[in-house]
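Sending over a structure as structure tokens; questions will come in a sec.
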Amino acid sequence: AQALAGPQRLAGRHAIVTAGPTHEAIDPVRYLANRSSGKQGYAVAGALAALGCRVTLVSGPVALPTPAGCDRVDVVSARDMAAAVESALPADIAVMVAAVADWRVEAAGAKLKKKGAPPALTLVENPDILAGIAAPGPRRPRLVVGFAAETETTREHAQAKRVRKNADWIVANDVSGDVFGGDANLVHLVTGSGVEDWPPLPKAEVARRLAARIADAL
Ligand code: CTP
Ligand code: CA
């Protein structure tokens with residue numbers, strides 16, 4: 001089994017990986033969400049675990065099996081996810097792949113009823129989990145990686161996000177094609193030394209390459 005598992009290059013390390021969408025309640029029966037399948041985040045968690053890393057996978061609502069070797073913490077909203085990430089510290093590595101809802105709703109306590117005018121939803125900005133974990137301080141993981149889905153000027157937007165959120169790397173995901181729920185991904189790795197264009201790859205292969213790069217960097 002050891003030979004099949006390959007070199008345990010991340011043995012003794014702890015990684016926190018976020019994955020999937022978040023759901024933000026509108027009322028007790030309705031929510032706002034996005035089209036994230038969780039596949040890329042789950043693949044990253046599995047690829048890190050395959051290198052011997054201890055992985056805490058903080059997952060929004062998805063329909064995927066837990067990758068081998070990962071401790072999974074299920075959450076629903078962005079605020080739940082932020083709290084779960086905080087509780088999982090300390091860590092050597094953080095990879096924030098989740099498609100966190102940018103806004104939550106000032107939720108109603110009871111189900112909204114279809115009478116009179118349609119309800120107006122008031123949106124409130126959610127905490128930025130990546131920026132929070134990447135902020136300088138004693139609990140900052142040594143390597144913090146964000147993902148950014150962009151539809152245009154992918155590299156430029158991702159470089160700006162890397163700096164704004166104090167992340168070490170951003171995996172910029174070009175979503176102008178049909179990637180949501182699919183198995184292939186076109187990404188660019190944005191680091192402090194520039195931008196690497198990766199060829200179109202299956203999500204599992206993006207994850208393996210990223211895990212190998214993380215092991216190189218530590
Ligand atoms: N992210 C996060 N918490 C949020 C929003 C985003 O941790 N509230 C993380 C994502 O998991 C991802 C990275 O930040 O790793 C970039 O997410 P993205 O949505 O591209 O960035 P935003 O700052 O929300 O910018 P945009 O206006 O393009 O959505
Ligand atoms: Ca966003």
Side-chain angles (χ1 to χ4, degrees), residues 15-25 31-45 47-48 55-62 64 73-89 91 93-106 123-137 139-141 143-177 179-180 185-192 195 203 206-207 210-211 213-214:
I16 301 172
V17 178
T18 66
T22 63
H23 288 183
E24 308 296 328
Y31 58 84
L32 286 184
N34 61 65
R35 295 188 190 283
S36 170
S37 66
K39 284 180 181 171
Q40 185 64 79
Y42 273 54
V44 168
L48 290 168
V55 177
T56 304
L57 172 57
V58 180
S59 176
V62 298
L64 293 172
V73 180
D74 285 318
V75 299
V76 175
S77 70
R79 285 191 293 179
D80 296 343
M81 186 174 275
V85 165
E86 183 68 30
S87 309
L89 287 169
I93 302 154
V95 190
M96 307 284 96
V97 198
V100 182
D102 291 322
W103 306 285
R104 67 178 174 273
V105 183
E106 277 186 350
L123 300 182
V124 183
E125 192 163 325
N126 269 327
D128 192 311
I129 302 166
L130 173 60
I133 202 169
R139 280 160 76 77
R140 185 192 193 279
L143 188 68
V144 178
V145 183
F147 268 67
E150 309 283 0
T151 54
E152 51 196 4
T153 52
T154 304
R155 293 172 192 76
E156 292 73 15
H157 277 141
Q159 275 169 316
K161 265 178 201 167
R162 194 187 76 84
V163 173
R164 188 168 75 239
K165 299 183 188 230
N166 200 43
D168 297 297
W169 301 347
I170 294 279
V171 180
N173 195 350
D174 193 329
V175 292
S176 50
V179 299
F180 281 103
N185 236 348
L186 181 59
V187 307
H188 315 276
L189 180 64
V190 180
T191 72
V195 183
K203 288 178 179 177
V206 169
L210 182 63
R213 289 295 294 269
I214 289 170

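Counting convention: from 1, in listed order, for ligands and their atoms alike.
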Given Val100, Val95, Ile170, which one has a non-hydrogen atom that is nearest to atom 5 (C) of ligand 1?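 Nearest option to atom 5 (C) of ligand 1, by heavy atoms: Val100.
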Mark up the atoms of ligand 1 that fall under 4.0 Å of a heavy atom belonging to Leu130, in ascending order. 2 (C), 7 (O), 9 (C), 13 (C), 14 (O), 15 (O)
Counting neighbours of CZ on Arg140 that are heavy atoms of other residues, nucleotides or ligands and sit closer than 6.0 Å, is the number greater than 12?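 It does: Arg140 CZ has more than 12 such atoms within range.
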Exercise check, heavy-atom protein proximity under 4.0 Å to atom 27 (O) of ligand 1: no
Close-contact set for ligand 1 against Phe147 heavy atoms, below 4.0 Å: 12 (C), 13 (C), 15 (O), 16 (C), 17 (O)
Measuring from Glu106:CD to Glu24:CD, what's the distance to the nearest 0.5 Å?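 Rounded to the nearest 0.5 Å, the CD-CD separation comes out at 13.0 Å.
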Sphere of radius 3.0 Å around the Ca ion (ligand 2) - protein N, O or S atoms inside: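 Near the Ca ion (ligand 2), below 3.0 Å, one finds Asp102 OD1, Asp102 OD2.
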Find the distance between NE2 (His23) and CG (Asn34) and round it off to the nearest 0.5 Å.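 Answer for the NE2-CG pair, His23 versus Asn34, is 7.5 Å.
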When you compare ligand 1 with Met96, is there at least one nitrogen or oxygen pair between them that comes in under 3.5 angstrom?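 Yes - when backbone and side-chain N and O of Met96 are compared with those of ligand 1, one distance drops under 3.5 Å.
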Could you tell me which atoms of ligand 1, counted from 1 in the order shown, lie closer than 4.0 angstrom to a heavy atom of Gly146?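 Heavy-atom distances to Gly146 below 4.0 Å select 15 (O).
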Side chains of Val95 and Leu48 in contact at under 4.5 Å (non-hydrogen atoms): yes
Taken to the nearest 0.5 Å, the spacing of Thr154 OG1 from Asn173 CG works out to 8.5 Å
Which ligand 1 atoms, with their elements, are less than 4.0 angstrom from a heavy-atom of Ala98? 10 (C), 11 (O)
Atom CH2 in Trp169, atom CG in Leu143: separation rounded to 0.5 Å?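 It comes to 5.0 Å.
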Would you say ligand 1 has an N or O under 3.5 Å from any N or O of Thr18? no
Are any of the N/O atoms on Glu150, whether in the backbone or the side chain, positioned under 3.5 angstrom from an N/O atom of ligand 1?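 Between Glu150 and ligand 1 (N or O atoms, distance only) the closest approach is not under 3.5 Å.
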Under 4.0 Å from one or more heavy atoms of Arg164, ligand 1 contributes atoms 23 (O)
Establish, from distance only, whether the side-chain atoms of Ser77 and Tyr31 form a donor-acceptor pair under 3.5 Å.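 On atom types as modelled, these side chains do not qualify, holding no pair under 3.5 Å.
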Taking the side chain as everything from C-beta on, heavy atoms only, tell me whether Leu89 gets closer than 4.5 Å to Pro141. yes
N/O separation below 3.5 Å, Ile129 to ligand 1: yes
Lys161 N/O under 3.5 Å from ligand 1 N/O: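 So ligand 1 has an N or O lying under 3.5 Å from an N or O of Lys161.
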Mind checking whether Asp102 contacts ligand 1 via backbone (N, CA, C, O), side chain (CB onward), both or neither, at a 4.0 Å heavy-atom cut-off? side chain
Using a 4.0 Å cut-off to any heavy atom of Ala148, which atoms of ligand 1 qualify? 20 (O)
Any idea which atoms of ligand 1 are less than 4.0 Å away from a heavy-atom of Pro127? 3 (N), 4 (C), 8 (N)
